[in-house]
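Counting convention: from 1, in listed order, for ligands and their atoms alike. None of these values were measured; they are calculated from a predicted model. Any value given below was found using the heavy atoms of this structure, including those in side chains, with hydrogens, waters and symmetry copies removed.
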Amino acid sequence: MSRQLPKPQFVPLSSYREYPPEEMVRRAAEFYTDLRRRRTVRHFSSRPVPREVIEYCLLAAGTAPNGANRQPWTFVVVSDPAIKREIRIAAEAEEREFYERRAPQEWLEALAPLGTDANKPFLEIAPYLIAIFARSYDVLPDGRKLKNYYAQESVGIATGMLITALHHAGLVSLTHTPSPMRFLNRILGRPENERPFLLLVVGYPADDAEVPVITKKGLDEIAVFLEGD
Ligand code: IYR
């Protein structure tokens, strides 16, 4: 039995731009050089950030490739001090549980070089918290559930693009993962089909911000080229 499916519609790919090989190499190298400056920051300034910057960065994130173009993400942007405080209190409660009880010794050892602990003052200091939710299904106006595809992967890609866009705009961010994060649904009034993915802390770095000494793996450690002969 053949079921009636909607016909796809196509337009010419008019937005693509090709660069000559040397220019491609230069652009790729310059982008890497700029992205290499990005650091995850835990010491934030309370200096306000123009909302328009956040809006454009979210629009950039929303261009991410995703499963069946369902765009299964919701970004909740929090600058309200009362809500930030509520989030801090709930996150620190989970984090105390994590650092003092739940975390296996091996995990604590892995985190030791980063100097993290259960104190999360940045959740109140930074001008913006962006709570990122993955919608595992959508609810249609008539109440029917519509499954989304690769929601976690899609939201992961969009989050990477958001972090890159914020860096490009001149801001810093922290990917914060209090676990479990369901308290974000309660505090932010999000429905059951939205699963918290990440809490992104966004702003300017504090004047005296410091970052841990870390290194990134080299190309030969992260990539394998199989080129034949
Ligand atoms: N969620 C905790 C612990 C933590 C876990 C990893 I993996 C990190 O790279 C950093 C921290 C916290 O946010 O402190």
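Salt-bridge check for R88 with E92: passed, with a basic side-chain N closer than 4.0 Å to an acidic carboxylate O. With salt bridges taken as basic N to acidic carboxylate O contacts below 4.0 Å, none links E30 and R27. Of the charged side-chain nitrogens involved, none lies within less than 4.0 Å of a carboxylate oxygen, so that E100 and R96 do not count as a salt-bridged pair. A salt bridge does not link K84 to E124: none of the charged side-chain nitrogens sits closer than 4.0 Å to a carboxylate oxygen.
At least one N/O-N/O distance between K120 and ligand 1 falls below 3.5 Å. Looking at H176 next to ligand 1, an N or O pair under 3.5 Å apart turns up. Considering backbone and side-chain atoms together, W107 places no N or O closer than 3.5 Å to any N or O of ligand 1.
By the side chain to side chain contact (heavy atoms under 4.5 Å, CB included) test, P65 pairs with I157, M161, sequence neighbours left out.
Residue-ligand proximity, F98 to ligand 1, at heavy-atom distances under 4.0 Å covers atoms 3 (C).
The protein atom (non-hydrogen) at minimum distance from atom 1 (N) of ligand 1 is T177 O, 3.0 Å. Looking only at heavy atoms of the protein, atom 8 (C) of ligand 1 is closest to L111 CD2, 3.3 Å. In this structure, atom 12 (C) of ligand 1 lies nearest to the protein heavy atom E95 OE1, 2.6 Å. Closest to atom 3 (C) of ligand 1 among all protein heavy atoms lies Y99 OH, 3.3 Å.
By the 30° and 60° cut-offs, the orientation of the rings of F122 relative to F44 is tilted.
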